Amino acid sequence: MYRTHTCGELRPENIGKEVILAGWVQRVRDLGAMSFIDLRDRYGITQLVADENTSEEVKKTLEELGREFVVQVTGTVRERSSRNKNIPTGDIEIEISGLKILSPSAVPPFTIQDDTDGGDDLRMKYRYLDLRRNAVRKNLELRAQMAHAVRSFLTANDFIETETPVLIKSTPEGARDFVVPSRMNPGEFYALPQSPQIFKQLLMVAGFDKYFQIVKCFRDEDLRADRQPEFTQIDCEMSFVEQEDVLNTFEGLTKYAFKEVLNVEVDNFPRMPYTTAMEKYGSDKPDIRFEMLLNDLTEQAKGKGFVVFDSAEYIGGVCAKGCAGYSRKQTDELTNWVKRPQIGAKGLVYVKYNEDGSLKSSVDKFYSPEDLKAWAEKLQAEPGDLMLILSGEKQPTINALGELRLEMGNRLGLRKKGTFKPLWVIDFPLLEWDEETKRFFAMHHPFTSPKPEDISLLDSEPGKVRANAYDLVINGVEIGGGSVRIFDSELQAKMFDILGFTPEQAKAQFGFLMNAFKYGAPPHAGIAFGFDRLVSLFAGLDSIRDVIAFPKNNAGRDVMNDSPAPVSKEQLDELHLQLVKKIK
Ligand code: ASP
């Protein structure tokens with residue numbers, strides 16, 4: 001061993017002890033007669049000191065030291081004259097008797113401390129240096145702790161951790177596949193799993209009963225703060241269960257993780273139908289840390305001569321508590337905010353319900369105080385509140401209102417980081433109509449079971465069929481989703497048909513699953529949590545990048561190892577691939 005203790009370990013009770021430490025030089029302070037070094041490792045920082053009693057040899061080595069040198073130091077623990085209350089080792093220091101440079105360091109491109117001077121790109125390029133910083137490493141430690149909690153809970157509940165292959169045949173989860181050419185099978189490709197969906201279902205046919213895996217999944221999608229091309233799922237499947245059993249088990253897992261890792265007790269998770277989430281929160285991932293529900297004003301606001309409203313399919317609003325005093329500047333700012341292309345509203349109507357009971361709106365010309373009172377009633381507004389109203393086509397307007405609600409929640413400080421409000425969103429539609437291709441897509445995936453009571457609608461009104469599908473949502477973030485599966489080959493074949501697969505296509509792509517179902521498939525259901533999202537939520541972060549050791553940037557690049565990168569002509573030849581130059 002290169003050390004007797006770590007840099008975070010020594011305390012006053014060790015005073016007088018001879019110790020050996022090893023770590024990185026955080027900084028050197030040369031005060032002439034005395035020199036101080038902050039020595040850092042994963043566990044903390046310990047102060048080393050050299051003074052008039054220090055040997056010439058040590059002093060010489062000291063002069064060579066720079067930031068991030070790796071050194072081994074021998075010395076005696078002594079009490080510090082000026083104690084540092086901010087660090088756990090702040091009561092002691094090490095009087096250096098021997099100092100050895102184990103590895104010198106070039107000048108690092110940014111300072112490796114909590115408040116670094118390094119910009120985002122630079123820190124990504126030198127990610128291994130960024131990971132030396134407490135703030136970043138802490139997130140990865142939390143991640144490890146959470147993975148441990150998940151494993152202990154699921155293992156204790158009889159789940160078998162099973163690996164599934166990474167080179168597979170495509171599994172549809174609604175994204176593009178990453179593909180891998182096969183050298184041994186010229187002209188053929190593997191796909192990287194978008195999830196282990198089919199394999200976990202096969203494990204149920206295999207009688208595993210309860211499966212889980214903390215597993216890498218790959219989806220070739222445009223990236224956002226909460227998306228990476230490769231990400232990690234806590235993936236699970238259970239046999240002989242119904243929806244309620246899955247919800248209860250994974251509510252249990254989530255509560256266990258909150259308690260174990262954050263020591264937070266969360267309430268029982270409410271269950272909200274998808275339609276309620278959309279109508280009242282304007283989102284299928286409602287943030288229920290605050291109210292400010294959406295309300296439909298179509299009936300109240302139509303037919304009074306205001307063309308914008310009269311021609312709208314839907315008029316809806318939210319009530320921002322205590323905001324009646326908003327200035328013209330503030331309401332203009334909100335109007336511009338809803339008009340941004342990401343939100344897409346044409347304009348914003350507001351009504352101030354003043355403290356004195358009077359009502360002042362941006363559409364006073366068309367609506368009497370009584371009209372506005374009726375709106376206030378519907379929006380449950382009281383004196384002092386501000387009503388914000390959008391109109392237009394129903395779905396986009398509801399979505400825009402949902403965004404406006406979140407924005408107001410942010411502005412009013414109602415979305416507090418340390419508060420956690422999980423819920424289950426249930427009863428998702430089975431199918432989603434795509435106007436462009438004029439066909440239905442599976443809202444979750446093609447293996448999701450319709451609600452038995454809705455099966456009769458499959459032929460007549462497929463768009464109305466609800467699924468036994470559910471999402472776990474925490475604080476407006478979709479943490480996970482799953483469904484009860486179809487385990488009957490006939491119903492599965494029907495589903496493929498509705499989704500536009502010919503029987504031949506279905507056989508070519510999913511034949512092995514359909515075959516497996518012929519040999520006794522148990523009823524089964526499952527779920528997958530986005531592990532990166534869960535960790536970033538626990539860590540109070542907004543981006544999943546910060547909880548991944550080596551993430552990719554928004555263009556899907558790893559700027560540290562500069563990938564993706566071209567491959568050699570020989571590699572291409574071996575794979576029987578030829579690059580076709582793009583014609584501009
Ligand atoms: N495979 C699904 C997903 O990745 C989860 C599930 O249905 O279990 O979203």
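Being a predicted model, the structure only gives us computed values, none of them experimental. In listed order, ligands and their atoms are each counted from 1. The basis for the numbers below is simple: all heavy atoms, side chains too, and nothing from hydrogens, waters or symmetry mates.
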Donor + acceptor pair across side chains of [X], [Y] (<3.5 Å):
X	Y	answer
K518	N515	yes
T164	Q213	yes
Q201	Q197	yes
N399	Q395	yes
K255	N268	yes

Considering only heavy atoms, does [X] approach ligand 1 within less than 4.0 Å through its side chain, its backbone, both, or neither?
X	value
R485	side chain
E478	neither
A528	both

Counting from 1, what ligand 1 atoms have a heavy atom of [X] closer than 4.0 Å?
X	answer
S195	1 (N), 4 (O)
G482	6 (C), 7 (O)
G526	8 (O)
Q233	3 (C), 4 (O)
K200	6 (C), 8 (O)
Q197	1 (N), 2 (C), 5 (C), 6 (C), 7 (O), 8 (O)
I527	8 (O)

Which class fits the ring pair W424 and F269: parallel under 30°, tilted 30 to 60°, perpendicular over 60°?
-> tilted

Please report which non-hydrogen protein atom sits nearest to atom 3 (C) of ligand 1, along with the residue it belongs to and the distance in Å to one decimal place.
-> E173 OE1, 3.4 Å

for atom 5 (C) of ligand 1, nearest protein heavy atom and its distance come out as G481 O, 3.4 Å

For ligand 1, is there an N or O atom under 3.5 Å from any N or O atom of R219?
->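 Yes, at least one N or O pair falls under 3.5 Å.
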
Does an N or O anywhere in H444 fall below 3.5 Å from an N or O of ligand 1?
->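 So ligand 1 has an N or O lying under 3.5 Å from an N or O of H444.
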
Cation-aromatic face contact R405/F290, 6.0 Å, 45 degrees | yes

Test item: D532 side-chain N/O and T232 main-chain N/O as donor-acceptor pair under 3.5 Å =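 Looks like yes, one N/O pair under 3.5 Å.
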
Is the closest side-chain heavy-atom distance between R42 and E141 below 4.5 Å?
->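 The answer is yes; the side chains approach within 4.5 Å.
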
Nearest heavy atoms of R219 and F231, plus distance in Å | NE-CZ, 3.5 Å

Under a heavy-atom criterion of less than 4.0 Å, does Q194 contact ligand 1?
-> no

